[in-house]
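Shown next, in structure tokens, is the structure this report addresses.
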Amino acid sequence: MSVLRWLFRYVRNEVLVLPSRVIAVVFCLSLLLLPLFTSNHYHYRIMALAGIFAIFAASWDLLSGFVGQVSFGHALFFGVAAYTASLLNLRLGMTHYLTIPLGAVAAVAVGLIIGIPCLRLKGPYLGLATLAFPIMMIGLIFTFPGFFGGELGISIKTKLAPTRLHDFYVCTLAMFSLGFIMWKITDSKIGIIFHAIREDEIAVRASGINTVKYKLLAFCLSGFFAGIAGAMYAHFQRVATPLSLAVLMSFQAIIWSIFGGIATIYGAIAGVYILFPVMEILRVVMEIRMLLFAAIVLLVLRFMPEGVTKWTRDRLERECPRCKVRNAFSRRECRVCFSPIRRELQKTTP
Amino acid sequence: MLQDIIVIGLINGSVYALLAVGFSLIFGVARIINLAHTAFYMVAAYGIFYFAGTLHFHPILSIIISIILVTGIGIVFYIFFIEPIREHETAVLIVTVAIALILQELMLLQFGGHYRSVPSIIYGSAGLFGILVTKQRLLSLGVILLTLAAVGLLLRKTRLGLAIRAAAQDREVANLMGMNVALIAAITMGVSVALAAIAGAIVAPLYVLEPHVWLSPLVLVLAVVILGGLGSVKGSVIGAMILAFVEVTVVFLMPQGSFLKLPIAMVIMLIILLVRPEGLFGVYFEGER
């Protein structure tokens with residue numbers, strides 16, 4: 001009983017006061033209750049894939065949005081984990097309980113290997129140099145077609161879960177837990193250092209913080225989460241192909257994250273859950289599907305250059321000028337310090 | 001063999017150089033990584049295919065029309081979609097990808113996904129260093145070298161070139177000196193897209209044409225630009241020559257492994273970047289905050 005009362009008070013005092021939190025809770029609940037609204041296996045499949053790609057996009061955001069190490073070759077982690085998982089499954093007969101963690105470990109190792117030489121590079125140089133790694137990996141795969149399966153890739157025997165409904169729940173719960181972990185990482189002391197490295201690396205170094213260590217940590221963390229997504233993807237599709245390393249795969253993660261809002265983990269997740277289903281809905285006009293998709297991205301970013309989530313949040317909430325706590329747009333006084341929030345004052349600064 | 005490598009490498013290298021110089025110019029002035037650069041190159045090639053092949057215009061006339069048209073498209077996209085959000089660098093990146101996808105899909109709708117070829121302007125071949133080269137290739141090489149020289153003259157000898165170089169060096173100080181930096185950026189975008197269009201128009205008769213043809217040159221142009229150093233025209237030309245010769249050598253020495261030409265070019269680029277993190281002739285943007 002007391003637990004229920006605590007929960008009721010928590011929801012009333014912490015969730016219902018801010019529109020963005022209400023939206024997040026409604027989204028999570030409706031995603032978990034999706035089987036009540038539909039029993040179509042195709043819908044489960046779309047939402048399960050969206051969950052996997054949400055982890056992937058959020059891991060790009062962790063590395064590039066927070067630490068500012070913009071990577072154009074994020075598909076490397078995804079593809080390496082997918083290939084590791086499928087090779088372990090095919091050659092050694094391991095199940096997905098082992099292959100997914102080991103795939104993620106392989107991606108972390110790759111993150112270290114490319115992180116160390118890339119530490120010297122900055123800004124666009126880093127981004128464009130990371131573009132090279134997946135291309136080199138594809139070259140390797142085509143050079144040894146006997147081992148890596150060449151163009152067709154390697155098929156996997158073990159399914160991720162027995163049915164599509166199970167698939168959907170596995171991917172959604174993985175997305176929730178990993179997304180929450182990433183969000184907490186960026187909220188912690190490490191996250192503050194990550195922010196600081198993006199804003200001014202020299203100042204961070206001058207404050208006695210070993211930026212090299214933290215940048216490598218970011219490469220490893222991001223590689224770990226992208227690796228889990230890649231291994232899950234391989235088990236879900238039951239094949240690992242060179243397409244998982246393609247340039248387009250890297251750019252998809254960037255498009256989703258920036259569309260949703262960069263340097264906010266939830267933005268990347270929102271970007272995937274908006275754009276991925278939209279792409280599927282657009283299948284009704286197959287001919288001009290990509291054209292409409294590109295036009296949507298172009299127009300949305302033209303008018304909301306900071307991403308959808310940040311734009312929506314700025315419309316629904318405003319910051320208290322005195323205590324910097326966020327308030328719903330409808331309130332006239334701050335919910336914490338009761339100082340008046342005057343809208344006119346914020347709008348017309350001379 | 002050696003003569004083959006030299007001649008083909010020179011021709012490919014000059015095409016990459018033309019693309020990379022345009023890319024480098026707009027990065028220098030506006031700090032835009034324009035991933036739609038090679039899409040404009042693709043559209044220009046399709047323009048020639050359409051005007052010369054379908055409407056039966058004179059080849060030279062259709063080249064001129066399509067270069068002007070593509071430059072116009074580029075400037076319109078810049079003014080309406082890139083300039084207003086230029087402060088948000090990541091958003092600009094994705095907007096240029098979206099522009100490239102839009103151009104690709106429009107070409108796909110208009111011309112279909114078939115492999116097309118564009119008729120040559122002159123036919124026949126000539127001997128050069130003991131190997132046989134088609135006259136079309138020699139003409140392309142000549143035009144590209146002339147264009148590169150013209151760009152060099154534009155940058156070094158004219159007031160516009162001085163303004164472009166100044167804006168590339170320090171945008172704020174250029175603005176304080178009374179230059180209209182936004183206008184200079186728009187003009188530079190025009191020049192850059194025009195260079196891409198010229199490259200497309202020139203190589204259109206040499207290669208087959210299809211709407212996805214922009215992606216693989218894009219990767220190579222990105223590699224060339226950072227190999228040479230961002231914002232350096234000289235670096236772009238030298239980087240283009242290095243990577244083109246690497247590619248051609250790989251293809252000639254092991255024809256069965258020609259799919260490795262891009263990965264090997266990438267390895268070379270990484271090695272050079274590890275030695276010089278700012279590219280061969282790049283300037284470190286250390287002071288930029």
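All values reported here derive from a predicted model rather than from experimental measurement. Here is the naming used below: chain letters follow the sequence lines, and residue numbers restart at 1 for every chain.
Here the closest non-hydrogen pair linking I258(A) and T90(B) is CD1-O, 3.4 Å. Minimum heavy-atom separation, F80(B) to R302(A): O-NE, 2.8 Å. Considering all non-hydrogen atoms of both residues, M266(B) and A132(A) come closest at SD-CB, 3.4 Å. Heavy-atom minimum distance, L299(A) versus F81(B): CD2-CE2, 3.9 Å. Counting all heavy atoms, side chain and backbone alike, P263(B) lies closest to M136(A) at O-CG, 3.7 Å. Here the shortest heavy-atom pairing between I226(B) and A129(A) reads CD1-N, 3.8 Å.
When heavy atoms are compared at a cutoff of 4.5 Å, L301(A) approaches chain B by way of both its backbone and its side chain. Interface residue L222(B): backbone and side-chain heavy atoms are both found under 4.5 Å from chain A. Heavy-atom distances place the side chain of L93(B), and not its backbone, under 4.5 Å from chain A. Both the backbone and the side chain of V95(B) come within contact range of chain A, each with at least one heavy atom under 4.5 Å from a heavy atom of that chain. In this structure, no portion of L227(B) lies under 4.5 Å from any heavy atom of chain A. Of the two parts of L270(B), only the side chain, counted from C-beta on, holds a non-hydrogen atom closer than 4.5 Å to a non-hydrogen atom of chain A. Interface remark: F72(A) contributes side-chain atoms only to the contact with chain B (heavy atom separation under 4.5 Å). If you measure heavy-atom distances from F259(A) to chain B, you find no contacts under 4.5 Å at all. Of the atoms belonging to L274(B), heavy atoms from both backbone and side chain fall under 4.5 Å from chain A. Within the 4.5 angstrom heavy-atom criterion, atoms from both the backbone and the side chain of I102(B) approach chain A.
Residue F293(A) places its CZ atom among more than 12 non-hydrogen atoms of other residues, nucleotides or ligands, all under 6.0 Å distant. No more than 12 heavy atoms of other residues, nucleotides or ligands lie within 6.0 Å of NZ in K261(B), so this atom counts as exposed by the packing criterion.
Comparing V247(A), T143(A), I262(A) by heavy-atom pairs within less than 4.5 Å of chain B, the highest count is held by T143(A). Of the residues considered (M304(A), E201(A), M290(A)), M290(A) shows the highest number of contacts with chain B, using heavy-atom pairs under 4.5 Å. Each of S257(A), P305(A), G127(A) has some count of heavy-atom pairs under 4.5 Å with chain B, and the biggest count is that of P305(A). Options V297(A), I254(A), I296(A) differ in how many heavy-atom pairs under 4.5 Å they form with chain B, and the most are formed by I254(A).
If you take CD1 on I135(A) and CG on L220(B), they are separated by 9.0 Å, rounding to the nearest 0.5 Å. Atom-to-atom distance recorded for L298(A):CG and F77(B):CZ is 6.5 Å, nearest 0.5 angstrom. A distance of 12.5 Å separates CG of L108(B) from CD1 of I288(A), quoted to the nearest 0.5 Å. Rounding to the nearest 0.5 Å places CG of L248(A) at 7.5 Å from CG of L215(B). In this structure, E87(B) CD and E306(A) CD are separated by 11.0 Å, a value rounded to the nearest 0.5 Å.
Between the side chain of Y125(A) and the backbone N or O of L230(B) there is at least one donor-acceptor pair closer than 3.5 Å.
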For this session: Show the numbers, then the answer: is there a side-chain contact (heavy atoms from CB on, under 4.5 Å) between L35(B) and F251(A)?
Result: CA-CA 11 Å; L35(B) 297 175; F251(A) 277 123; 3.7 Å; yes
For this session: Verify side-chain contact (heavy atoms from CB on, under 4.5 Å) between L109(B) and L291(A), making sure each step is shown before the conclusion.
Result: CA-CA 9 Å; L109(B) 278 180; L291(A) 186 65; 4.0 Å; yes
